[in-house]
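Contents: one structure, followed by commentary.
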Amino acid sequence: MTESFQALVVDKTESSFSVAVKPVALEELPAGEVVIKVAYSSVNYKDGLASISNGKIVRSYPFIPGIDLSGTVVSSSDERFHEGQQVIATGYGMGVSHFGGYSEYTRIPAAWITPLPEGLTLREAMIYGTAGLTAALSIQALEDNDLAPDKGKVLVTGATGGVGGSAIAMLSTKGYSVVASTGNKEANEYLKTLGAEEVISREEVTGGSSKPLEKQLWQGAVDSVGGNSLASILSKISYRGSVAASGLTGGTSVPTTVLPFILRGVNLLGIDSVECPAELREKVWTRMATDLKPAQLENLVDREVTLNELPQALEDILQGNTRGRVLVRLS
C-alpha cells in the first residue's frame, strides 16, 4: 500500500471545527489486527452527526467517521482473515470511537469483520450497509416470532429512510404485503418501485384516538421512528403479532400501556445492529445475499459520491434531503 492515502478527517479545537479530505499515514490509524483497502462506505444519519461540532458522536479529535465499509484485506494478524479476502464491517466502535470507513485504508479489530457472503458484491454490501443490516435483523426477529406472508400485512415506517426502504424491498421479495408509511407526499411511486403495495401518510399511523387498543390492521411492523408512532402501531397490531423497533427519530418516550402486550400478546422486539453477535451477523448477511436479496436493490440508491463530495452528502442527510442510500466510493 502507499505511504499515505486520503481520508475525510473531522477536527475540533477550542476555537475551530473542520471537515476536510486530508492525507493520512498507516501509523496514524488506531490499532487493530486487520488492514483493509476500503472499496465503499455509505452515509448514515449517525455519520452526519459525526460531521458537525455538536453532534455528540465523536469522542476525540482528529477523527475519521464512517460507521460501515466494505473492502479487501491487505494484511491480517488474525488467522480468520487473509490477504485478498473481501469483507464487510459495520457497527461496534467504528466511526464513533474508532476511525471508520471514510478512508482509502483502515485498520480495525478482526472481531468486527464479517466475510463478504457469496452472492453479494462490495458495492451491494454498502447499498445495504448498517441500514440494510438493521432491516434484515428486524425481519429475522419478526420471522422468529411467527411473521409469515400469509398472515396479513406488514407495516414499515420511515419508509424513505435507509432502514425503511431496505425493509420494504426485502419483505416484498419474500412475498409479504407491505404497507409503507412516510411523511413525504412525493415518495409514493418510489416506494412502490421498492415493493410497497400500499403507501399511507405518517398521520394515518399516528392519527385517530389515543386508545391503547385499536382495530387490528397489521400482523407486524418494522419501525424506525419510535415515539408516538410506535405507541400507535402497538395498538393496531394483530393478536400475537410483533413490532421490530430500531429508531428514535420520533422521540424516545412511548406513551402506551401494558394492554397490547397482555390482552393481544403483542411482542415489542428491540433491534440493535451495533453490538450484534458475529454468529447472528453472518447468518443475516447470508440471507441478505440469498433469500432476502431484492431484484430491485439498485432502486435503494439515491446517489454515489466521492470523498470530496462527501461533506455535502453528510449535510444533506442531516437536512433530510436524501431518499434512499448514498454510497461513498473509496476505490
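Everything quoted here is computed from the prediction, not taken from an experiment.
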Task: Pairs meeting criterion salt bridge (Lys or Arg N to Asp or Glu O under 4.0 Å) with involvement of residues 22-33, two or more places apart - done: none
- [ ] Check salt bridge (Lys or Arg N to Asp or Glu O under 4.0 Å) between K293 and all other residues, then give those that pass, not counting sequence neighbours.
- [x] E124
Open item on the list: Holding to salt bridge (Lys or Arg N to Asp or Glu O under 4.0 Å), I want the full list of residues that pass it with K12, two or more places apart in sequence or in another chain.
Closed with: none
Task: All pairs passing side chain to side chain donor-acceptor pair (under 3.5 Å) where residues 217-227 contributes a residue, at least two apart - done: T157-D223
Task: Partners passing salt bridge (Lys or Arg N to Asp or Glu O under 4.0 Å) against R123 (at least two apart in sequence or in another chain) - done: E298, E304
Task: Y92: partners by ring pair (Phe, Tyr, Trp, His ring centres under 6.0 Å), with sequence neighbours left out - done: W112
TODO: Could I get the full list of side-chain contact (heavy atoms from CB on, under 4.5 Å) partners for A50, not counting sequence neighbours?
DONE: I57, V58, P65
Open item on the list: Donor-acceptor pair, distance only, cut-off 3.5 Å: does the side chain of H82 make one with the backbone of S75?
Closed with: no
TODO: Kindly write out the residues that satisfy ring pair (Phe, Tyr, Trp, His ring centres under 6.0 Å) with Y40, not counting sequence neighbours, or none if the list is empty.
DONE: none
Task: D316: side-chain contact (heavy atoms from CB on, under 4.5 Å) partners, not counting sequence neighbours - done: R303, Q312, N321, T322
TODO: Identify, with sequence neighbours excluded, every residue that meets side chain to side chain donor-acceptor pair (under 3.5 Å) alongside S177.
DONE: E197
TODO: Sorted by first residue and then second, give each side chain to side chain donor-acceptor pair (under 3.5 Å) pair with at least one member in residues 134-145; sequence neighbours left out.
DONE: T134-S273, Q140-D144, Q140-R287, E143-Y176, E143-R287
- [ ] Could you tell me which residues satisfy salt bridge (Lys or Arg N to Asp or Glu O under 4.0 Å) with E198, sequence neighbours excluded, listed by chain and number?
- [x] K153
